[in-house]
Number of protein chains: 2
Amino acid sequence: MASSVPAITILDVARVAGVSRQTVTRALNGLPDVSAATRERVVHVARQLNYRPNRAAQGLVRGRDVTVGLVMEDLRNPYYPELASALSRLASEQGWSVILCDIGDDEEKARARLESMVHRVDALVLTGCRTDTVGLLPGDALRGKALGIPIVMLDGSPADQVDAVVEIDYEAGVRAALDHLTGRGRRRIAMIDSSHIASSRRESYRDYLREHGLAWTGRSEVRDDETHEGGVRAAHELLGRYPDADAVLVYNDVMAIGALKGFARAGRAVPDDIAVVGTDGLDIGTLVTPELTSLSIDKTALAQHAVQLVDNILSGRAPAGSRERRRIGLTLVVRESA
Amino acid sequence: MASSVPAITILDVARVAGVSRQTVTRALNGLPDVSAATRERVVHVARQLNYRPNRAAQGLVRGRDVTVGLVMEDLRNPYYPELASALSRLASEQGWSVILCDIGDDEEKARARLESMVHRVDALVLTGCRTDTVGLLPGDALRGKALGIPIVMLDGSPADQVDAVVEIDYEAGVRAALDHLTGRGRRRIAMIDSSHIASSRRESYRDYLREHGLAWTGRSEVRDDETHEGGVRAAHELLGRYPDADAVLVYNDVMAIGALKGFARAGRAVPDDIAVVGTDGLDIGTLVTPELTSLSIDKTALAQHAVQLVDNILSGRAPAGSRERRRIGLTLVVRESA
DNA sequence: ATGAAAGCGCTAACAT
DNA sequence: ATGTTAGCGCTTTCAT
């Protein structure tokens, strides 16, 4: 934040200490060629004045550094920490740093947060954008206006107005999950989906059932919020609508864990009565009982793509307007719930 | 990261576009007083050259902004995202931004990450430092050397060599938890503790039992890693050592959820056979069945203190060397497990 | 051991 | 509508 009162600068310290500013630099940075006495006096004055070196000025001299902003809806949703952790680690290996932007669900606050973050970063990584996050960005951040900063979207679609996307290939993953279920004798497979997002997973699910001659009715699918509570509700609704379902594929792990709870409360045993497969492969899937079988997204791979895409754009390796796309697949992690 | 090849600057764009650098600024920043034709040409050249404005230079002109670094051991441990989310939101309200530093368990990497982060931030917030994180910081970051940057430690002790700490008052919390358990008729109360950290919680637990004439033996206490697996193991060990325990107070929620799993596997019903109280009050406590009763830390309050402490130091409001201390208490959140 | 001068890349103020 | 001059706060030569 720009401060109102002019801050103490190195010149103030120099003046008060009665030395030149280079001497202050030397004293404060532990460089040679300062007498012990002078150094001590300078340090004392600097502390006295509460001097704080201006990072921007230091950075200007030192040379460029890269900072990327990670934008997500709510870090408390357990998907994001896993991604943020991976991104933070990979970024640090490039010498980059990552600024967090937890936009939350209040649109005005989200706009304000994005606005203030945009001019502190060299690129943006967007993830989990159910609301139109791109639309919340200040106008001048977008490529359209003039320059804008590079924006990479994870789990995005090529249609998104950003500079690069990583798409997640649910199709093959859904098939693997359903193969697994049918391989274990499940035939009446339901799906719990998000009520907010038009997921391609549903299409893949329907296609698979049709191709394999498995039962599908409108009552095979239940939709609710992509939250734990949504999952609990969906499980109950499913039990009412499709009582003899013997398996269910769930939109994400958070909902799936909710479903686990819903089934437990209804006295249904998982996986004996009904098998549950989540999506995302979150660590928390191992905390619950039974442990959650899940279609796992490799967050490190996702973060790796994000870093590479940003790097390609910043370095100019990606031709301007190339809108590079990457795809990553899912891996079925079989634990206990299916 | 300092780049090796000199980057494109505004002067390069100006030269190629055949205008002054001021015109480039105007064209690129959407300022008035540029002809449409010139603007278009400048934007074109800038894109062609892959020009990226230098943030440090922009920041130098604009004035000071505050960035704090949040240092933690592993963002995938569910305690940290809750704190990081709160800190990120509160910081943004001050116009500050937060850089993540997920140090991990490799000491060398941790040092490198901290080293590269330190000169990008105005202050450090340390949390959950089981290893001596302060010791991993580059020498010149510490107050001792010369200036150093302000360091605030959360859940720290006044003995830590940092500029300010927020202490967590477990004493009263532990008593509240034990009051709750005894109020529900529990008499044989065990404790699952961390094997790595000397926690004051254990003392409070022992004191309470003694004061209330409740049974305590060496076998009432089990220690293990502060992880989910540690909790699972601890539960089993406890069952062997103290088979008729009817309640257990656990070091943190991650372990407590592990204990829930351990008890479930051993066929013990929670809370009927044994009540479980965790510590931290994490959101994930609501995901498991039964939902976890827990001594909750108010992460927003914690983050609020962090912001205030940093602010006090940066603004000079806190006298130099004042080593300000804050304390926050715990609240028992009663859910299903006890 | 210390100081003076130059310059990092940008924007704001003042010309023209 | 465009260019010129200054200056943000710091570090890095280069003097002395």
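The sequence lines fix the lettering, A, B, ..., with proteins before strands; numbering per chain opens at 1.
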Problem set entry | Angle of first-five versus last-five pair axes in the helix from C:dA1-D:dT16 to C:dT16-D:dA1, to 10 degrees | 40°
For this session: Return each pair, listed once, that meets salt bridge (Lys or Arg N to Asp or Glu O under 4.0 Å) where at least one residue sits in residues 307-321 of chain A; pairs must be two or more places apart or across chains.
Result: A:D311-A:R317
Problem set entry | Those residues that, when tested against B:R325, pass side-chain hydrogen bond (donor to acceptor under 3.5 Å, both in side chains) (two or more places apart) | B:E167
Exercise. Excluding sequence neighbours, so at least two apart, what forms side-chain hydrogen bond (donor to acceptor under 3.5 Å, both in side chains) with B:D12?
Worked result: B:R15
For this session: Can you sort out the partners of A:S92 under side-chain hydrogen bond (donor to acceptor under 3.5 Å, both in side chains), two or more places apart, ordered by chain and number?
Result: B:R113
For this session: Applying side chain to side chain contact (heavy atoms under 4.5 Å, CB included), name anything that partners B:A84, two or more places apart in sequence or on another chain.
Result: A:L75, A:L100, B:L70, B:L75
Problem set entry | Partner residues of A:E115 under the side-chain hydrogen bond (donor to acceptor under 3.5 Å, both in side chains) criterion, sequence neighbours left out | none
Problem set entry | Partners passing salt bridge (charged side-chain N to carboxylate O under 4.0 Å, His left out) against A:R89 (at least two apart in sequence or in another chain) | B:D74, B:D102
Problem set entry | For chain B, the stretch of DNA chain C it reaches, first to last nucleotide, under 4.0 Å of its heavy atoms | C:dG9 to C:dA13
Exercise. Which pairs pass salt bridge (Lys or Arg N to Asp or Glu O under 4.0 Å) with one or both residues in residues 18-43 of chain B, sequence neighbours excluded?
Worked result: none
Seminar exercise, completed: Protein heavy-atom contacts under 4.0 Å, written 5' to 3' over nucleotides 8-16 of chain D as B (base), S (sugar-phosphate only) or - (none), form the string BBBBB----
Exercise. Does B:Q48 have any side chain to side chain contact (heavy atoms under 4.5 Å, CB included) partners at least two apart in sequence or in another chain, and if so, which?
Worked result: B:H44
